[in-house]
Amino acid sequence: MASLKTLTKSFAGWVIFCCCCCLPLLHSSPLPLRGPGLASTAHHACRLRKINFQQPYIRNRTYTLAKMVEASDQDTDNRLIGQQLYVNVKENNRCYMMKRIVEIVVRDVLLTKVKDQYPYIEEVAQFFASLNSELSRCKFSGHREHIERNLEELKSKMKQLGENGKTKAIGELDLLFDYTEDACTDAPKKGGNKKKN
């Protein structure tokens, strides 16, 4: 009889333990999605909140820096940020494309020695790096050949232009801002169609 009481208490203890500890863990742990739900998760990972782009302070810093540096860009024939980036790239991959371009501009331009030459670069670099961090789970869907080819063309053009490639990239930060906003937020802005003189 004593062992039955012990067994009952032990069983009740296990039930309480499972209800209090295990079920909440199971309920809150993310389970892998299957089927159509997976695509919507990938799409959601390629979305930024519109509010990221609605901060007047960082928008002004980005545009001011771009305008200041654009004046010293002697090359008016080439453009780094523009519709050519989207050639043969499906619309649902445009945010992924912009994520990769932001990554290149931050790493190969903004965080190099030019950061000591112009004001606001560190703030602008931090802003774009934070966008990239938010997009860390953004993946391409389908084939990536066109994306990679367009990225290689961008990198090749920057390399070909040498130091002026960096100047041009900084002078087009306003375009980078607009194109990223347009591709990665749900409420498209003018960015995708913006033209610079």
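These figures come from a predicted structure and were not determined experimentally.
Under a 3.5 Å cut-off, the side chain of N93 and the backbone N or O of V89 do not form any donor-acceptor pair. Checking side-chain atoms of T112 against main-chain N and O of V109 turns up a donor-acceptor pair under 3.5 Å. Between the E172 side chain and the L80 main chain, a donor and an acceptor come within less than 3.5 Å of each other. With hydrogens and angles disregarded, no donor-acceptor distance shorter than 3.5 Å links the side chain of K166 to the backbone of V114.
If you run side chain to side chain contact (heavy atoms under 4.5 Å, CB included) between L173 and each of T64, V69, I81, L65, only L65 comes through.
Note that CZ of R100 and NZ of K155 are 6.5 Å apart. Values are rounded to the nearest 0.5 Å. Note that CG of L176 and CG of L131 are 8.5 Å apart. Values are rounded to the nearest 0.5 Å. Here K159 contributes atom NZ and E152 contributes atom CD; the two are 10.0 Å apart, rounded to the nearest 0.5 Å. Here the CG-OH distance, from L85 to Y179, works out to 7.5 Å after rounding to the nearest 0.5 Å. Atom CD1 of I101 and atom CG of L154 lie 5.5 Å apart (nearest 0.5 Å). Here OG1 of T180 is found 11.0 Å from CG of N52. Values are rounded to the nearest 0.5 Å.
Cation-pi check for R94 over Y86 is met; the charged atom lies under 6.0 angstrom from the ring centroid and within 45 degrees of its normal.
Taking each heavy atom of K168 and N78 in turn, the nearest pair found is NZ-O, 3.0 Å. Across all non-hydrogen atoms, the minimal contact from V106 to A125 is CG2-O, 4.2 Å. Annotation for L135 and A45: closest pair CD2-O, 3.7 Å, computed over non-hydrogen atoms.
Residues F53 and F127 form a side-chain contact, since some pair of their non-hydrogen atoms from C-beta on lies under 4.5 Å apart. Counting only heavy atoms from C-beta outward, the side chains of K99 and N132 approach each other to under 4.5 Å. Two residues are said to be in side-chain contact when any heavy atoms from C-beta on lie closer than 4.5 Å; I170 and I121 meet this criterion. Using a 4.5 Å heavy-atom threshold, the side chains of Q84 and N150 count as separate. At a threshold of 4.5 Å between non-hydrogen side-chain atoms, the residues L175 and R79 count as touching.
Y63 and D178 share a donor-acceptor pair across their side chains, judged by distance under 3.5 Å alone. Side-chain N/O atoms of S141 and N92 include a donor and acceptor closer than 3.5 Å.
Salt bridge annotation for D174-K67: absent, with no cationic side-chain nitrogen under 4.0 angstrom from a carboxylate oxygen. Using a cutoff of 4.0 Å between basic side-chain nitrogens and carboxylate oxygens, E134 and R49 are scored as salt-bridged. A salt bridge between K50 and E181 is present, with a side-chain N of the basic residue lying under 4.0 Å from a carboxylate O of the acidic one.
More than 12 heavy atoms of other residues, nucleotides or ligands sit less than 6.0 Å from atom NZ of K157. Atom CD of E122 is surrounded by 12 or fewer heavy atoms from other residues, nucleotides or ligands within 6.0 Å.
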Decide side chain to side chain contact (heavy atoms under 4.5 Å, CB included) for L151 and M97; before the verdict, give the C-alpha distance in whole Å, the side-chain angles of both, and the deciding distance to 0.1 Å.
-> CA-CA 8 Å; L151 287 169; M97 183 75 174; 4.1 Å; yes
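Tracing side-chain contacts under 4.5 Å through hydrophobic residues (I, L, V, M, F, W, Y), one never reaches L161 starting from I104; they form parts of separate clusters.
Less than 2.5 Å separates the SG atom of C46 from that of C138.
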